[in-house]
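One structure is given below, encoded as structure tokens.
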Amino acid sequence: MTTPISNKGTALITGASTGIGAVYADRLAKRGYDLVLVARNQKRLDDLAANITKSTGRKVDIIVADLTQKADTLRVEDRLRSDKTITALVNNAGFGATATLHDSSIEELESMIQLNVTALTRLTHAALPGLLQRAKGLIINISSIVAVAPELLNGTYGGTKAYVVAFTQSLHHEVGGKGIQVQAVLPGATETPFWDRAGLPVENLAAQTVMSAEDMVDASLAGLDQHELITIPSLPSLADWETFNSSRLNLGPNLSHKYPAARYNVARQ
């Protein structure tokens, strides 16, 4: 066991038992955070917690919860509100879909919205008062490249991830000057169990497009250290994102006017 480095508080990580969430758990523990790990599979959580404590000396608690179920979400919210040591929230839990809307189960899509949007929003809302009171905190929201490329996969999934980006940008506008650092991470294809549940095993993807979860998280944390609000780990040039975002912002002055645009030839009332 290594000697623990200085304590940065506690990070609560959802979807923490495998893949991206498990890597975040390892990396944040090594950065000096104690952990609260949230996922559905108790054995995987127990094993991960034991390994992290052994390798880093950090304190690790687990919460077995299915965040598509409101009662379980409320239990995690209670922990976020009551635990004054929490200084970081990683909203990683989520799942996707690859089928068309017509070929999808509406119940599965509704569960996806519950997890990717509703639970993320509720947990952030629960964590925020304590972070603001302490004027210190970190919120990392895992989105996806489909937030800006919705044609790639199921549109409902893309919509949930576009929500995460908009939510994060708005949250930064609200609390960025109050000691709270906010980041949205937009991974491309990442080698995790995500693809099995989405109905497209990762083996079917072009190998050169698939990043390891370890590389994805390490790049995202490097982006965090550089104070990026939006991090796209595979994007070669930050200038491409800045151009995209500048174009969006340039729309601002013309998004709301008293009269319709002239090209519609609408008689003014």
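The first residue in the sequence is number 1, and the count goes up from there. If you're wondering where the values come from, they're calculated on a predicted model, not measured in any experiment.
A side-chain donor-acceptor contact under 3.5 Å links Ser82 to the backbone of Asp78. Thr53 places a side-chain N or O within 3.5 Å of a backbone atom of Arg58 that can act as its donor or acceptor partner. Not a single donor-acceptor pair under 3.5 Å links the side chain of Glu77 to the backbone N or O of Ala127. Using a distance-only test at 3.5 Å, with no hydrogens or angles considered, a donor-acceptor pair links the side chain of Gln181 to the main chain of Leu224. Side-chain atoms of Asn92 come within 3.5 Å of backbone N or O of Thr14 as a donor-acceptor pair. Formation of a donor-acceptor pair under 3.5 Å by the Thr231 side chain with backbone atoms of Pro233 is not found in this model. Remark: the backbone N or O of Val64 is paired with a side-chain donor or acceptor of Arg75 at under 3.5 angstrom. The backbone N or O of Ile106 sits nowhere less than 3.5 Å from a side-chain atom of Ser104 that would complete a donor-acceptor pair. Side chain of Thr100 to backbone of Asp103: a donor-acceptor contact under 3.5 angstrom is found. At least one donor-acceptor pair closer than 3.5 Å links the side chain of Asp34 to the backbone N or O of Lys59.
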Go through the steps to decide whether Ser234 and Met211 satisfy the test side chain to side chain contact (heavy atoms under 4.5 Å, CB included), and finish with yes or no.
CA-CA 8 Å; Ser234 61; Met211 188 177 294; 3.9 Å; yes
Verify side chain to side chain contact (heavy atoms under 4.5 Å, CB included) between Gln169 and Asn245, making sure each step is shown before the conclusion.
CA-CA 11 Å; Gln169 290 170 319; Asn245 197 48; 3.8 Å; yes
Check against salt bridge (charged side-chain N to carboxylate O under 4.0 Å, His left out), Arg79 and Asp61
CA-CA 11 Å; Arg79 179 63 179 264; Asp61 291 342; 2.8 Å; yes
Steps toward side-chain hydrogen bond (donor to acceptor under 3.5 Å, both in side chains) verdict (Thr121, Tyr163)
CA-CA 10 Å; Thr121 305; Tyr163 172 87; 2.7 Å; yes
Apply side chain to side chain contact (heavy atoms under 4.5 Å, CB included) to residues Thr10 and Tyr33 and explain how you reach the verdict.
CA-CA 5 Å; Thr10 300; Tyr33 287 91; over 6 Å; no
Quick one: do Gln183 and His227 satisfy side chain to side chain contact (heavy atoms under 4.5 Å, CB included)? Show the steps, please.
CA-CA 8 Å; Gln183 180 194 35; His227 295 277; over 6 Å; no
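For the pair Leu89/Leu80, a side-chain contact is recorded, criterion being any heavy-atom separation below 4.5 Å from C-beta on. Taking the side chain as every heavy atom from C-beta outward, Ile20 and Thr190 approach each other to under 4.5 Å. For the pair Glu214/Arg27, a side-chain contact is recorded, criterion being any heavy-atom separation below 4.5 Å from C-beta on. Considering only heavy atoms from C-beta on, Ile180 stays 4.5 Å or farther from Leu138 through its side chain. Annotation: side chain of Thr124 is in contact with side chain of Leu171 (closest heavy-atom distance under 4.5 Å). Side chains of Arg134 and Lys84 form a contact here, defined as non-hydrogen atoms less than 4.5 Å apart. For the pair Asp72 and Val38, the minimum side-chain heavy-atom distance is 4.5 Å or more. Side chains of Glu228 and Trp241 form no contact here, defined as non-hydrogen atoms less than 4.5 Å apart.
Counting non-hydrogen atoms of neighbouring residues, nucleotides and ligands closer than 6.0 angstrom, the CZ atom of Arg44 reaches no more than 12 such neighbours.
We find the CD1-CD distance between Ile62 and Gln42 to be 4.5 Å, quoted to the nearest 0.5 Å. To the nearest 0.5 Å, the span separating CG on Asn141 from NZ on Lys161 amounts to 9.0 Å. For the atom pair Asn91 CG and Leu67 CG, the distance stands at 9.0 Å (nearest 0.5 Å). To the nearest 0.5 angstrom, Ile139 atom CD1 is 5.5 Å from Leu128 atom CG. Rounding to the nearest 0.5 angstrom, the gap separating the OH atom in Tyr24 from the CG atom in Leu221 is 5.0 Å. Rounded to the nearest 0.5 Å, atoms CD (Glu110) and OG (Ser105) are 9.5 Å apart.
Gly9 and Thr87 get closest at one heavy-atom pair: CA-OG1, 3.6 Å. The two atoms that bring Val185 and Met216 nearest to each other are CG1-SD, 3.8 Å, heavy atoms only. Counting all heavy atoms, side chain and backbone alike, Ile52 lies closest to Ala25 at CD1-CB, 3.6 Å. Minimum heavy-atom separation, Val60 to Ala49: CG1-CB, 3.5 Å. The minimum heavy-atom distance linking Ser144 with Leu186 is given by the pair O-CG, 3.4 Å. Considering every non-hydrogen atom in both Asn154 and Ala97, the closest pair reads CB-O, 3.1 Å.
Applying the side chain to side chain contact (heavy atoms under 4.5 Å, CB included) criterion to Lys70, with sequence neighbours excluded, gives Leu74, Arg122.
Each of Asn116, Ile113, Leu109 was compared with Tyr157 under the side chain to side chain contact (heavy atoms under 4.5 Å, CB included) criterion, and only Asn116 meets it.
The pair Asp225-Arg31 meets the salt-bridge criterion, since a charged nitrogen lies less than 4.0 angstrom from a carboxylate oxygen.
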